[in-house]
Amino acid sequence: MGRQDRRTMPLFPIGIVQSLTDLSARQIRYYEEHGLIHPARTGSNRRLFSFEDVDRLLEIKELIDKGVNLAGIKEMMAQKEVRASTLKSEHNESENVKKDLSDRELREMLKQEIFEAGRLNKASLRQGELSRFFH
DNA sequence: GTTCTCACA
DNA sequence: TGTGAGCA
């Protein structure tokens with residue numbers, strides 16, 4: 001069994017994940033509903049989470065604690081996937097081309113990440129202002 | 001005992 | 001997001 005199999009192997013029920021992440025079952029199911037995680041199901045329709053799922057939930061929790069809303073988290077995760085697949089495809093390029101691209105695109109990806117973080121932070125700040133305004 | 005879906009004084 | 005109902 002490979003390392004990857006171990007990361008994606010469906011292992012624990014929602015109760016365990018709850019205590020592992022300090023998220024409510026409600027939140028966990030809600031995030032699944034929005035495509036942030038994809039836990040497997042047992043024959044009796046119970047969710048089974050992998051280490052990968054738990055890791056993602058922990059990342060989600062950090063963003064939630066920082067005041068990022070679901071839309072923001074979705075974009076952050078999407079950005080991350082783009083960066084991951086970019087790296088993966090570059091991994092298959094020839095050495096010469098890769099050296100060139102990875103250096104340039106590494107900076108580009110970093111820039112995008114910072115840009116995204118800044119944009120979302122402003123968005124959540126605006127939310128804060130609005131909630132105060134309507135209070 | 002636990003989890004699932006659905007719905008909302 | 002919480003919570004309770006009614007199942008499996």
Side-chain angles (χ1 to χ4, degrees):
Chain A
M1 231 171 258
R3 211 176 351 247
Q4 188 60 23
D5 295 302
R6 249 182 259 282
R7 277 188 56 71
T8 62
M9 190 182 306
L11 295 175
F12 7 75
I14 199 167
I16 301 296
V17 179
Q18 236 182 121
S19 51
L20 250 38
T21 62
D22 283 307
L23 289 169
S24 66
R26 179 77 163 88
Q27 287 176 297
I28 296 171
R29 297 190 184 108
Y30 186 65
Y31 301 150
E32 178 195 22
E33 207 174 335
H34 287 264
L36 268 37
I37 51 174
H38 309 92
R41 296 287 183 134
T42 68
S44 55
N45 201 36
R46 268 81 217 278
R47 271 167 269 251
L48 280 186
F49 299 78
S50 65
F51 282 109
E52 192 175 59
D53 292 322
V54 175
D55 286 342
R56 287 177 72 90
L57 284 171
L58 288 174
E59 294 180 40
I60 293 170
K61 185 193 168 32
E62 294 217 335
L63 293 174
I64 288 289
D65 290 343
K66 287 181 180 177
V68 181
N69 57 43
L70 220 71
I73 293 178
K74 276 189 184 179
E75 296 182 52
M76 294 286 273
M77 300 292 261
Q79 271 299 121
K80 191 176 181 179
E81 309 255 325
V82 170
R83 291 198 299 278
S85 63
T86 300
L87 284 178
K88 188 176 182 180
S89 65
E90 282 186 15
H91 183 64
N92 295 324
E93 303 286 342
S94 69
E95 283 305 314
N96 295 336
V97 183
K98 187 174 71 178
K99 272 294 181 189
D100 234 29
L101 282 182
S102 63
D103 208 51
R104 175 172 61 72
E105 297 212 335
L106 201 59
R107 297 176 185 288
E108 181 58 27
M109 294 190 301
L110 211 57
K111 193 180 74 178
Q112 283 181 4
E113 181 170 3
I114 293 173
F115 171 74
E116 204 68 16
R119 190 168 68 73
L120 296 174
N121 204 37
K122 285 180 183 176
S124 58
L125 279 181
R126 276 197 289 276
Q127 277 197 336
E129 303 285 343
L130 288 177
S131 66
R132 247 174 276 153
F133 185 74
F134 288 117
H135 190 273

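Computed from a predicted model, the values in this text were never measured in an experiment. All values below come from the heavy atoms of this structure, side chains included, with hydrogens, waters and symmetry mates left out. Order of the sequence lines sets the chain letters (A, B, ...), proteins ahead of strands, with each chain counted from 1.
A search for ring pair (Phe, Tyr, Trp, His ring centres under 6.0 Å) contacts involving A:Tyr31 returns nothing, not counting sequence neighbours. In terms of the side-chain contact (heavy atoms from CB on, under 4.5 Å) criterion, residue partners of A:Arg107 (sequence neighbours excluded) are, by chain and number, A:Asp103. With sequence neighbours left out, the side-chain contact (heavy atoms from CB on, under 4.5 Å) criterion links A:Asn121 to A:Ser124. Contacts of A:His38 classified as side-chain contact (heavy atoms from CB on, under 4.5 Å), with partners at least two apart in sequence or in another chain: none. A:Phe51 meets the ring pair (Phe, Tyr, Trp, His ring centres under 6.0 Å) test with A:Phe12; sequence neighbours excluded. In terms of the side chain to side chain donor-acceptor pair (under 3.5 Å) criterion, residue partners of A:Arg7 (sequence neighbours excluded) are, by chain and number, A:Asp55. Applying the side-chain contact (heavy atoms from CB on, under 4.5 Å) criterion to A:Glu113, with sequence neighbours excluded, gives A:Arg83, A:Leu110.
In summary, A:Lys111 and A:Glu108 engage in a salt bridge, as defined by a charged side-chain N under 4.0 Å from a carboxylate O.
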Any N/O pairs under 3.5 Å between the protein and nucleotides 2-6 of chain B? List them or say none.
| from | atom 1 | to | atom 2 | distance (Å) |
| --- | --- | --- | --- | --- |
| B:dT2 | O2 | A:Arg46 | NH2 | 3.4 |
| B:dT3 | OP1 | A:Gly15 | N | 2.7 |
| B:dT3 | O2 | A:Arg46 | NH2 | 2.7 |
| B:dC4 | OP1 | A:Arg47 | N | 3.1 |
| B:dC4 | OP1 | A:Arg47 | NE | 2.8 |
| B:dC4 | OP2 | A:Arg29 | NE | 2.9 |
| B:dC4 | OP2 | A:Arg29 | NH2 | 2.6 |
| B:dC4 | O3' | A:Asn45 | ND2 | 3.4 |
| B:dT5 | OP1 | A:Arg41 | NH1 | 3.2 |
| B:dT5 | OP1 | A:Arg41 | NH2 | 3.3 |
| B:dT5 | OP2 | A:Arg47 | NH2 | 2.3 |

>> Pairs counted only when both distances fall under 3.5 Å, Watson-Crick or G-U: show me the 5' to 3' dot-bracket for DNA chain B, [ ] for pseudoknotted crossings and | for other-strand partners.
In response: .|.|||||.

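Here chain A contacts DNA chain C (any atom closer than 4.0 Å to a heavy atom, that is under 4.0 Å), and the contacts span C:dT1 to C:dA8 from 5' to 3'.
Few gaps surround CZ on A:Arg119; more than 12 heavy atoms of other groups in view lie less than 6.0 Å from it.
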Listed pairs under 3.5 Å, donor-acceptor, residues 13-21 of chain A side chains, sequence neighbours left out:
| from | atom 1 | to | atom 2 | distance (Å) |
| --- | --- | --- | --- | --- |
| A:Ser19 | OG | A:Ile16 | O | 2.8 |
| A:Thr21 | OG1 | A:Val17 | O | 2.8 |
| A:Thr21 | OG1 | A:Leu23 | N | 3.3 |

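At a threshold of 4.5 Å between non-hydrogen side-chain atoms, the residues A:Arg41 and A:Arg46 do not count as touching. Contact check for A:Lys61 versus A:Gln27: no side-chain heavy atoms found under the 4.5 Å cut-off.
Proximity of residues 66-74 of chain A to DNA chain B (heavy atom under 4.0 angstrom from any strand atom) is not detected for any residue.
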